[in-house]
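Just so we're on the same page: letters track the sequence lines, and every chain starts at 1. When reading the values below, keep in mind they use all heavy atoms of this one structure, side chains included, and skip hydrogens, waters and symmetry mates.
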Amino acid sequence: MARFTLNVNGRSESLDADDPEMPLLYALRDNLALHGPKFGCGLGQCGSCTVIVDGNAVRSCQTSVREAQGKRITTLEGLGTPDRLHPVQAAFIAEQAAQCGYCTNGMIMSAAALLEKTPRPNETKIRDALAGNLCRCGTHVRVIAAVARAAGSRT
Amino acid sequence: MNMPIVNGMGRREFLLTGGALVVGFALSPHLEALAQAAATKPVALDEVDSYLVIAPDGAITLYSGKVDLGTGCRVAFGQIVAEELDVPFARITMIEGDTATTPDQGTTGGSTGIIGGGMQIRQASATARKALLDMAAQKWNVAAAGLTVTDGVVRSPDGRTAAYGELIAGGRFNVKLDRNAAVKNGRDYKIVGQPVQRPDLPGKMTGRHTYVQDHRIAGMLHARIVRPRAIGATVTSVDEASVRNIPGARVVRIKDFVAVTADSEWNAIRAARALRVSWTGGGGLPGSDRVYASVRAAPVARDQELMKVGDAKAAIGSATRKFQATYEWPAQSHASMGPSCALADFKDGKLTVWSATQGPHRLRQVIARGMGMEADAVRVVYLDGAGCYGMNGHDDAACDAALLSRQLGRPVRVQWSREEEHGWDPKGPPQVLDLRASLDAEGNIVAWESEAWLPINTPNLFNRSMLAFSAAGIPQPEGQAVAQVQGNVYPPYDLPHMSAVVHWLQSTPLRASNLRAPGKLGNVYGVEGFMDELAAAAKRDPLEYRLTHLKDEMGARILRRTAEKMNWAARPSPNPASANAAIATGRALVYVHYKHVDNRMGLGVEVAVERATGRVRVTKITCVYEAGQMINPDAVKNQVEGNIIQAVSRTLHEETIFDTQGVTSVDWRSYPILTIPDAPVLDIELWGSPEDKPMGAGEAAHAPVPGAIGNAVFDAIGVRMRKVPLTPARVRAALAGQA
């Protein structure tokens, strides 16, 4: 058992894990009881587990807790709250851009990371930025509209 | 270890609700009132109190046996209650799918959430309103007919007022659902028909919502199931030493049901990977490369003539212009974004299971039977999961967890892997459709024959076999459960001679379930594809050809409107302008009358086919959809959009690949789905009025898509694709065959 310290949503969090190679996803979900990042494949193929690490959208199922130490980690919970929504979260609600909502974490986190770097993406850029985020319910068109709305609402 | 958040609530709240799904706009749900009501409230289908509880402060709780699998019926149910009771939507809290507190309204599926469950809730609300007015009338000794309601406050003509909460005063309705209780006229709707935002989305968009995958119980173990490579294999030995170096890892074996548990999820995963199990036997599958031959060779339970007009066989036999084709549809997976998950807590002879099942009440019976328990001793609590489109692995995971919790005497959480979800969820079964037709001198259809090979729905089957019970050697009824897979196997057109025959198959290679628009997707693919073949053979415009054969006036209006929206230019297929283009463009439109009695729709597709690679891109889809009464038009639109996009995915990309042992397409590379960059532009028009009856939105718009895509590809490259998915390799091969 070893102790790891992570910087998550602006707070320093300590947790114990038996294996330094444990993916960050399980530290966030099981040790820190966060619900935002989701287990979808554990293979880095679907994007459901996306978090933002030092400004980049990262698959938390492919990043070990060891590697994540000392980095700034933001999860969906840290992006905004129901009372203080991040513009991307607000846009997803305005567009009702979900069905089951299981992929939504990844969509929002990837979009937020995109807009940090490219505040005014065209539709092709938006689509390409979400190429690694799968949605099974078929909300593709609403997700694209939501990100475009969020981009338009930024000043 | 940090204290886990339980269901987005603290521990006290968890204890009060039993971890049920509680969704509402109210800032502080009245949990004590909920808990009190839950302890004693009835669940009978015909009691108003089973559905509705009104607290003294006027807060309303709706208990629904139907569940929201991501389709938006949750918001719609709330709107129905708010409308009939004349209360603000925000005053309503919803509890779904808890067998201890909700009425058994049946499994949520087949596009019947609103048509079935919603209408029961409407009648319960109308009965409740009538009862509340009667209470006020009695209190004031006035006629109920003169009373009005605004925001849950009853007002008499002379100005006296009483709020609902005051009238019911913590008591119950004690009335049966009254079929004659007047429901509102659609003309007067204020809340039904509005695009009210879904109450669950703020929580889902900010990581505050509790999916079943997020649910935790104090003292629980994490479990992973260890499954064989070959379906049906049996265990010869388990090497428990192989996980000895993983902290807390423990092996559970019940006959051929093998699992590992640990205190931490990651250790359970590591143990599942490390555990050495020797298996023997199993398999015996035909393999997906031989799947259609195996479908045709499967034992037939019986043949059924679905319809017969005139004498199609004789007419085709004696015709000079006759055509035939075979259309094949593969096995496909629900491919839910989140692998199935469930929790179970077996304590003192009672079992509680948390599951994202589409049928909590059905699952309760299945678990009770499998576990040899009385149904009363089992409680299933629904929590949201990743979308399923029929029965995926949710119910299996619940049975996994139930067996393990009883075996270990501890609460257990079972989380499937991606490999398990793709490999072991029950599949949409493969199907084959032979079509024959004859034309007259003008090219009009004289006769049509459909002959289908489809898996039979075993009569009176108690349940589909559950993996855990099968592996553990617990006897289960033999058979397969599929629903209405013969729908739309013959065309919606008026033809002089027509017949449709189904060969009902006793077996299908992989365990079957209903996967969105079951059977209909493949049937319409064949029927509308063949219709297009006949139009092309007759050198007729596909729109004009369909309208010529379509007598249904409403259907014709919908089809014409679809064509108008897509600026349809009349000409036969294929598209002469694409003949030599490197990127060939094509268009097509189809008509579907879902199950011949439900929604009518026209759907147009535009595609671009890259000849060199064989890659098909669907660029735009236009749909005109008969929706009936829309409780929430935006939720209906979202469903129609999702149906269309998912069907594009199933048509272009999806096939469950299996060898003689088991499924080998077990991740998103081997079972790809449509990505965001490839999403088509959608142009959707919904037809319906508040005075219509609701018609369902969960699956009908799925059905026209594959046929329309296949036909648009023909329009683009002049090659007919009769086998799904339309992969680049298949398109290239078809192009090469043509040359």
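Of all the listed residues (A:M1, A:Q89, A:M22), the one sharing the greatest number of non-hydrogen pairs under 4.5 Å with chain B is A:M22. Of the listed residues (A:S48, A:G80, A:A27), the one with the most heavy-atom contacts under 4.5 Å to chain B is A:G80. Ranked by non-hydrogen atom pairs under 4.5 Å with chain A, the options B:D68, B:N267, B:D634, B:T71 are led by B:D634. Per-residue counts of heavy-atom pairs under 4.5 Å with chain A were compared for B:Q646, B:E421, B:M337; the largest is that of B:M337. Between chain B and the options A:I93, A:L25, A:N105, the largest number of non-hydrogen pairs under 4.5 Å is found for A:I93. In terms of heavy-atom pairs under 4.5 Å with chain B, the best-connected choice from A:T104, A:L130, A:L134 is A:L134. The most heavy-atom pairs under 4.5 Å with chain B, out of A:G42, A:C135, A:C103, come from A:C135. For the options B:S417, B:P339, B:C341, heavy-atom pairs under 4.5 Å to chain A are most numerous at B:P339. Note: B:A679 leads B:A679, B:S336, B:G387 in heavy-atom pairs under 4.5 Å with chain A. With chain B as the partner, the residue from A:G101, A:P37, A:A90 showing the most heavy-atom pairs under 4.5 Å is A:G101.
A salt bridge does not link B:R270 with A:D18: every distance from a Lys NZ or Arg NE/NH1/NH2 to an Asp or Glu carboxylate oxygen is 4.0 Å or more. Salt-bridge check for B:R216 with A:D30: passed, with a basic side-chain N closer than 4.0 Å to an acidic carboxylate O. Ionic pairing of A:E95 and B:R198 is not present here: no N-O contact between side-chain nitrogen and carboxylate oxygen is shorter than 4.0 angstrom. Salt-bridge formation is not detected for the pair B:D667/B:R418: no Lys NZ or Arg NE/NH1/NH2 atom is positioned less than 4.0 Å from an Asp or Glu carboxylate oxygen. With salt bridges taken as basic N to acidic carboxylate O contacts below 4.0 Å, one links B:E265 and B:R413. Ion pairing between a basic and an acidic side chain is recognised when a charged N comes within 4.0 Å of a carboxylate O; B:D384 and B:R74 show such pairing.
Only the side chain of A:Y26 comes within less than 4.5 Å of a heavy atom in chain B; its backbone stays farther off. Heavy-atom distances place the side chain of A:L85, and not its backbone, under 4.5 Å from chain B. Of the two parts of B:P195, neither the backbone nor the side chain holds a non-hydrogen atom closer than 4.5 Å to a non-hydrogen atom of chain A. Proximity to chain B is limited to the side chain of A:M107, based on heavy atoms less than 4.5 angstrom apart. Using a 4.5 Å cut-off between heavy atoms, B:I644 makes no contact with chain A at all. Using a 4.5 Å cut-off between heavy atoms, B:E420 makes no contact with chain A at all. Heavy atoms of A:I144 lying under 4.5 Å from chain B belong exclusively to its side chain. The contact between B:H334 and chain A is made entirely by backbone atoms, counting heavy-atom distances below 4.5 Å. Looking at B:T675, both its backbone and its side chain come within 4.5 Å of chain A, counting heavy atoms on both sides.
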What do the steps show when you test B:Q213 against B:W416 for side-chain contact (heavy atoms from CB on, under 4.5 Å), and what is the final call? CA-CA 10 Å; B:Q213 285 90 348; B:W416 281 19; over 6 Å; no
Could you walk me through whether A:E21 and A:R66 pass the salt bridge (charged side-chain N to carboxylate O under 4.0 Å, His left out) check? CA-CA 6 Å; A:E21 298 311 312; A:R66 176 182 55 75; 2.8 Å; yes
Report the C-alpha separation of B:R617 and B:D678 in whole Å, then their side-chain angles, then the decisive distance to 0.1 Å, and conclude whether the salt bridge (charged side-chain N to carboxylate O under 4.0 Å, His left out) test is met. CA-CA 7 Å; B:R617 209 156 56 81; B:D678 289 338; 5.9 Å; no
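For B:R650 and B:H702, the side-chain atoms include at least one donor-acceptor pair closer than 3.5 Å. B:T622 and B:D683 are not linked by any side-chain donor-acceptor pair at a separation below 3.5 angstrom, with hydrogens and angles left out of the test.
In this structure, A:Q99 and B:N638 approach most closely via the heavy-atom pair NE2-O, 2.9 Å.
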